[in-house]
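Sequence lines set the chain letters: A, B, ... in the order given, protein chains first and strands last, and positions in each chain run from 1. Since this is a predicted model, take the numbers as computed values, not measurements.
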Amino acid sequence: MKDQLHSLFTQAIDALKTDQVIPADHEVSIQFERTRQKEHGDFATNLAMTLAKPARRNPRELAELLIAALPADDLVTKVEIAGPGFINLFLAQDARYAVLNTVFEKGNQYGLGVPNSKQKIMVEFVSANPTGPLHVGHGRGAAYGDALARVLSAAGNTVEREYYVNDAGRQMDILAVSVWLRYLQANEVDIDLPENGYQGDYVAEMGQDLLASHGNQYIVDKAVIEGARADLELEEALDATIELAKTKLGNDGFEIFFKRALDSILDDIRQDLGEFSVDYDTWFSERSLFTDGKITKAIDKLKASGDVYEKGGAWWFKTTDYGDEKDRVVIRDNGQPTYFASDIAYHADKLDRGFDLAINVWGSDHHGYIPRVKASLEALGLDKEKLKVVLVQFAVLYRDGAKIPMSTRSGKFVTLRELRDEVGSDAARFFYAQRKSEQHMDFDLDLAKSQSKDNPMYYVQYAHARICRIFKTAEERGIDTSAIANADFSVLGSDQENALLTLLQKFPELLQAAAANYEPHQVTYYLKDLATALQAYYASTKILESEEPQRGAMLALCAATRQTLKNGLNVIGVGAPESM
RNA sequence: GUGCCCGUAGCUCAACUGGAUAGAGCAACGGCCUUCUAAGCCGUAGGUUACAGGUUCGAGUCCUGUCGGGCGCGCCA
């Protein structure tokens with residue numbers, strides 16, 4: 001639709017350039033927008049106002065010239081100049097209901113771009129440390145990341161979803177040693193789990209499981225453990241316990257606790273996300289970067305280019321050369337690479353895999369980390385513009401009007417699974433998807449749980465179910481609906497019918513805009529608008545009791561609306577039930 | 001201290017990348033079920049877009065400053 005208008009105005013501008021009204025070398029960008037009020041027509045353009053300066057004419061005068069130069073076309077039935085120089089365009093009724101043919105022709109592909117016709121994009125999201133179950137904060141990242149992936153895919157991009165598994169580093173060691181201590185407790189060793197270990201019940205369960213499967217072969221005397229951590233501060237004591245475990249159990253023994261913890265938590269996360277309709281193409285292991293030598297390779301390359309230098313026994317990346325506030329350590333003085341070193345190798349690997357764009361969905365607390373990752377890509381000779389980081393603000397949970405404190409370590413948090421059990425996966429996804437990523441979000445659990453019927457998702461699903469009900473009743477009454485796609489649509493034309501037709505027509509543009517801006521929330525607002533228009537239509541029009549040929553056309557309009565609602569719900573990962 | 005994000009109706013949030021009279025839901029008030037699902041519809045009320053300047057035909061949107069909130073600023077991940 002906009003393309004056709006664009007073509008018309010391009011011809012008009014060319015004509016005015018020939019007449020030297022507009023300088024021939026002036027580059028014109030034509031923008032159309034959907035009008036907010038129907039008195040302003042269907043589309044409006046501000047072209048005359050943007051061209052006023054180069055043409056040295058006042059906008060309204062220029063608008064008249066543009067309209068005079070506009071070639072004749074069936075699409076537009078009326079053109080008006082309004083306000084300071086807007087050109088308002090009124091569509092012919094034929095152009096309005098033509099969208100129904102398109103919807104029937106494309107079915108569940110309606111609104112979607114040509115598959116795999118655009119960029120190859122990776123979306124990496126959630127990537128929570130595998131040290132415990134996902135909480136509601138991760139839920140927001142999951143809902144946003146997956147909806148973003150779906151929107152990008154719907155717009156015609158080739159999309160892969162990836163979960164970066166932080167299975168290396170101290171946090172995983174702390175988890176493994178926490179499991180070990182719980183295992184010892186299950187073996188009736190009277191040892192305590194320090195407060196900076198992982199406290200969750202799942203850790204105790206793993207300890208008990210390991211007792212069942214491996215018996216008592218990894219028992220170490222209480223006195224030995226307490227001796228190792230005597231007189232040490234909390235964090236040092238924990239590190240000492242880790243070292244002791246590695247020594248006493250051997251690498252293979254420690255690995256049993258480590259693997260058990262990692263596998264069981266990853267399985268849990270995978271299942272949790274699967275039930276949330278989030279499925280990944282790849283689970284990328286941080287450890288694999290060590291075993292494949294990719295970290296060493298990346299750091300060596302940076303050393304060779306002089307971007308990494310040695311100071312005080314550690315190796316530093318000179319990120320200040322790339323606009324960072326200070327240089328960053330990549331190899332500690334004890335020889336261990338930092339998390340940043342992993343990330344340098346990881347992001348280089350991502351771009352090496354040939355993506356046109358890699359999108360990271362990160363919690364907003366990581367924003368300070370962006371400059372150094374971009375710096376590393378630049379230093380490695382990669383295109384840093386191919387990395388896009390979208391920050392998702394944390395959801396602040398409220399219960400009984402009070403903020404709920406969250407801490408993974410203490411095990412006191414509301415899990416994603418708990419939320420899904422309470423409100424359902426669909427409602428949770430819709431609720432999350434409504435917010436744009438950078439907006440702070442208050443998540444009122446009482447509202448989401450106890451008053452779930454107030455969730456707008458039900459409103460949208462209800463519109464879909466209602467249309468399904470109409471067709472079911474039609475069948476019961478023996479009304480033949482098989483030929484509605486060929487009905488005479490020209491009998492449609494009431495305000496409510498036109499409002500629906502306009503919304504249906506807008507859907508493809510909407511998906512493109514949502515994808516271009518990384519804003520899946522636009523889809524939820526669109527769906528609410530479409531559902532509202534349908535509900536109003538439903539309430540005012542007794543479709544099945546109308547006479548032919550109106551009835552057939554009305555049913556066609558309903559069918560097209562149902563299809564579009566379903567396609568839109570699918571884009572945010574929410575189901576479209578046929579009855580409620 | 002310094003950097004990033006945010007500030008819109010009583011509450012939760014939109015506003016098509018600078019457009020015309022800033023919109024929804026919830027909460028409040030008043031109507032609508034003998035007819036396709038009332039998880040619905042129709043209506044009323046609610047605003048100095050935190051504040052002060054600036055840019056231009058035009059600002060919630062861009063720039064500067066102030067105030068308020070969140071988050072960073074580790075040889076943690």
Taking atom types as modelled, is there a side-chain donor on A/Asn129 or A/Thr131 under 3.5 Å from an acceptor on the other?
no
Pick the P atom in B/A15 and in B/C62, then give their distance to the nearest Å.
13 Å
Roughly, in whole Å, what's the span from NZ in A/Lys436 to P in B/C5?
13 Å
Spell out yes or no: do the side chain of A/Asp173 and the base of B/A77 have one donor N/O and one acceptor N/O closer than 3.5 Å?
no
Beyond-backbone contact of A/Leu419 with A/Tyr432, side-chain heavy atoms, under 4.5 angstrom:
yes
Paired with B/G7 by Watson-Crick or G-U wobble geometry, both distances under 3.5 Å: which nucleotide is it?
B/C67
If B/G1 has a Watson-Crick or G-U wobble mate with both distances under 3.5 Å, name it; if not, just say none.
B/C73
Looking at A/Arg36, does any N or O in its side chain come under 4.0 Å of the phosphate oxygens OP1/OP2 on B/A20?
yes
Are the aromatic rings of A/Phe284 and A/Tyr346 close, with centres under 6.0 Å apart?
yes
In Watson-Crick or G-U wobble terms, both distances under 3.5 Å, what is the partner of B/A22?
none
For A/Arg56, I'd like to know if atom CZ has over 12 heavy atoms of other residues, nucleotides or ligands within 6.0 Å.
no
If you compare every side-chain N and O of A/His366 against the phosphate oxygens of B/C76 (OP1, OP2), does one of them come in below 4.0 Å?
no
Taking atom types as they are modelled, would you say the side chain of A/Asp365 forms a donor-acceptor pair with the base of B/G72 within the 3.5 Å cutoff?
no
Interatomic distance where CZ belongs to A/Arg328 and C1' belongs to B/G72 [whole Å]:
10 Å
Could you give the distance separating B/A38 and B/C63 at their P atoms, to the nearest angstrom?
50 Å
Starting at atom NZ of A/Lys528, determine the distance to atom P of B/U12, rounded to an integer number of angstrom.
15 Å
Tell me which of A/Asn166 and A/Arg477 sits closer to the 5' end of RNA chain B, going by the nucleotide each one is nearest to.
A/Arg477
Criterion salt bridge (charged side-chain N to carboxylate O under 4.0 Å, His left out) on A/Glu476 and A/Arg469, from CA distance to verdict:
CA-CA 10 Å; A/Glu476 287 162 9; A/Arg469 182 68 221 177; 3.5 Å; yes
Kindly indicate, with the supporting measurements, whether the criterion side-chain contact (heavy atoms from CB on, under 4.5 Å) is fulfilled by A/Leu66 and A/Thr45.
CA-CA 11 Å; A/Leu66 275 166; A/Thr45 178; over 6 Å; no
Counting only side-chain N and O atoms of A/Tyr369, is one of them less than 4.0 Å from OP1 or OP2 of B/G3?
no
Identify which nucleotide among B/A14, B/A20, B/A38 has an atom closest to any side-chain atom of A/His40, counting heavy atoms from C-beta outward.
B/A20
Salt bridge (charged side-chain N to carboxylate O under 4.0 Å, His left out) test vs A/Asp42 passes for just one of A/Arg96, A/Lys78, A/Arg34, namely A/Arg96
Does any N or O donor sit under 3.5 Å from an N or O acceptor when you compare the side chain of A/His367 with the base of B/C71?
yes
Using atom CD of A/Glu310 as one end and atom C1' of B/C75 as the other, report the distance to the nearest whole Å.
13 Å
Expressed as a whole number of Å, how far does the P atom of B/A22 sit from that of B/C51?
16 Å
Is A/Lys326 close enough to B/G74 that one of its side-chain N or O atoms is under 4.0 Å from OP1 or OP2 there?
yes
Using heavy-atom distances to pick each residue's nearest nucleotide on RNA chain B, tell me which of A/Asp529 and A/Ala513 is more 5'.
A/Ala513
Go through residues 334-345 of chain A and report each residue with a non-hydrogen atom lying under 4.0 Å from RNA chain B, sorted by number.
A/Tyr339
Hunt down the Watson-Crick or G-U wobble partner of B/G40, both distances under 3.5 Å, from any strand shown, or write none.
B/C32
OP1, OP2 of B/C76 versus side-chain N and O of A/Arg332: anything below 4.0 Å?
yes
Polar contact flag, side-chain donor to acceptor under 3.5 angstrom, A/Gln393-A/Ser437
no
Quiz item: cation-pi between A/Arg140 and A/Phe431, 6.0 Å / 45°
no
Would you please indicate yes or no on a ring centroid separation below 6.0 angstrom for A/Tyr309 and A/Phe317?
no
May I ask you to check whether A/Phe125 and A/Tyr144 place their ring centers less than 6.0 Å from one another?
no
Is any side-chain nitrogen or oxygen of A/Arg435 closer than 4.0 Å to OP1 or OP2 of B/A14?
no
For atom CG of A/Leu89 and atom C1' of B/G19, their distance in whole Å:
15 Å
If we take the C1' atom in both B/G58 and B/A39, what is their distance in whole Å?
43 Å
Using a 4.0 Å cut-off on heavy atoms, which residues in residues 551-558 of chain A reach RNA chain B? List them by number, or say none.
none
Please answer whether B/A20 and A/Phe86 are stacked, defined here as ring centres separated by less than 5.5 Å and planes angled under 30°.
yes
OP1 or OP2 of B/U56 less than 4.0 angstrom from a side-chain nitrogen or oxygen of A/Lys53, does that happen here?
no
Short side-chain N/O contact from A/Arg469 to OP1 or OP2 of B/U37, under 4.0 Å
yes
Gap in Å between the two P atoms, one belonging to B/G7 and one to B/C13, rounded:
11 Å
Quiz question: by atom type and distance under 3.5 Å, do the side chains of A/Asn360 and A/His366 form a donor-acceptor pair?
no
